[in-house]
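This report refers to the structure that appears directly beneath it.
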Amino acid sequence: MIAVFPGSFDPVTNGHLDVIRRAAALFDRVVVLIMKNTAKRGLFTVEERVKLLNQVVAEQKLHRVEISAATDRLTVDAVRSLGGQVIIRGVRNERDFSFERDIAELNRRLAPEIETLLLPTSSELAVISSSYVKEIAQFGGELSSLVASPVARALQERFD
């Protein structure tokens, strides 16, 4: 069974990696689908995010995980094109859960054949968000507990 984990991953955090790792233990194949968040201005281009995620997946030896990109389409259409049967979404808190539950219901109306699985982030990683990571990086803060080393290097280069 193919699961798709869509998101902007700008940048990918250790919280994202936790969800990816756990999803890979549950499914035959996990496609991390990098999408453009139209509500946000990205720090990294989609191409840069694909490159970073490929580096992290290789460094962490995450098996059955591949990286793809779809910038201008509905999530369910992108999932269909990848042959996915399940959308994976990570949730950190009640606010995330409420938002993701609503999106899951909308996706079910658009594509009833695709199920959504909400995976809670491990509690020790639940406070990490890409927005927080970018702000910490911008001011030269320590990133090693928040992101993988290729991501930390890319953030440092971006803000130097």
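Closest approach of V56 and P150 over heavy atoms only: CG2-CG, 4.2 Å. When all heavy atoms of E59 and A148 are compared, the closest pair comes out as OE1-CB, 4.0 Å. Considering all non-hydrogen atoms of both residues, V57 and I67 come closest at CG2-CD1, 3.9 Å. Summarising the geometry of A69 relative to V50, their closest heavy-atom pair is CB-CG2, 3.9 Å, with the distance given to 0.1 Å. Closest approach of D10 to L43, counting heavy atoms only: OD2-N, 2.6 Å. Between I34 and S8, the closest heavy-atom pair is CG2-O, 3.9 Å.
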Inset, instruction - Kindly determine whether V12 and R49 satisfy side-chain contact (heavy atoms from CB on, under 4.5 Å), including the steps that lead there. - result: CA-CA 8 Å; V12 62; R49 287 181 263 158; over 6 Å; no
Inset, instruction - Applying side-chain contact (heavy atoms from CB on, under 4.5 Å), run through M1 and E115 and close with a yes or a no. - result: CA-CA 12 Å; M1 185 174 284; E115 190 58 66; over 6 Å; no
Legend entry - salt bridge (charged side-chain N to carboxylate O under 4.0 Å, His left out) evaluation trace for R108 with E105: CA-CA 5 Å; R108 185 183 348 264; E105 183 55 37; 3.3 Å; yes
Inset, instruction - Might you work through the side-chain contact (heavy atoms from CB on, under 4.5 Å) test for L119 and R22, ending with a clear yes or no? - result: CA-CA 9 Å; L119 279 177; R22 291 171 42 225; 4.0 Å; yes
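L74 and I2 fall within a single hydrophobic cluster, where Ile, Leu, Val, Met, Phe, Trp and Tyr are joined by side-chain heavy atoms under 4.5 Å apart, directly or via other members. There is a path of hydrophobic side-chain contacts, each under 4.5 Å, that joins L26 to L62. Following chains of ILVMFWY side-chain contacts shorter than 4.5 Å, one cannot reach L106 starting from V79, and the two form parts of different hydrophobic clusters. In the hydrophobic clustering of this structure, V19 does not group with I103; members are Ile, Leu, Val, Met, Phe, Trp, Tyr whose side-chain heavy atoms approach within less than 4.5 Å, directly or through other members.
Of the candidates T75, L82, V31, P6 forms a side-chain contact (heavy atoms from CB on, under 4.5 Å) with just one, namely T75.
Hydrophobic cluster membership of F97, counting Ile, Leu, Val, Met, Phe, Trp and Tyr whose side-chain heavy atoms lie under 4.5 Å apart directly or via other members: V91, L118.
To the nearest 0.5 Å, the span separating OG on S149 from CD on Q60 amounts to 8.0 Å. Taken from CD1 in I88 to CD1 in I20, the straight-line distance is 10.5 Å, to the nearest 0.5 Å. Q85 CD to I114 CD1: the interatomic distance, rounded to the nearest 0.5 Å, is 8.5 Å. Distance check: R153 CZ to L52 CG gives 9.5 Å after rounding to the nearest 0.5 Å. One finds the CG atom of L33 at 7.5 Å from the OG atom of S81 (value rounded to the nearest 0.5 Å). Taking CD of Q55 as the start and CG of L53 as the end, the distance is 9.5 Å to the nearest 0.5 Å.
A donor atom on one side chain and an acceptor atom on the other are not found under 3.5 Å apart for N107 and T116. Using a 3.5 Å distance cut-off with no hydrogens or angles, the side chains of E142 and S144 do pair a donor with an acceptor.
Put simply, the side chain of T13 never gets that close to the backbone of L146: no donor and acceptor are under 3.5 Å apart.
Residue F159 qualifies as enclosed at atom CZ: its count of foreign heavy atoms under 6.0 Å is above 12. For CD of E113, the number of neighbouring non-hydrogen atoms (other residues, nucleotides, ligands) closer than 6.0 Å is greater than 12. No more than 12 heavy atoms of other residues, nucleotides or ligands shown are found within 6.0 angstrom of NZ on K51.
Side-chain atoms of V151 and L155, non-hydrogen and from C-beta on, do get closer than 4.5 Å to each other.
Sorted by first then second residue, the ring-ring contact (aromatic ring centres under 6.0 Å, His included) pairs that include residues 4-30, not counting sequence neighbours, are F5-F9, F9-H16.
A salt bridge between R21 and D18 is absent, with no side-chain N of the basic residue lying under 4.0 Å from a carboxylate O of the acidic one.
With sequence neighbours excluded, the residues that form a side-chain contact (heavy atoms from CB on, under 4.5 Å) with R92 are D96, T121, A126, S129.
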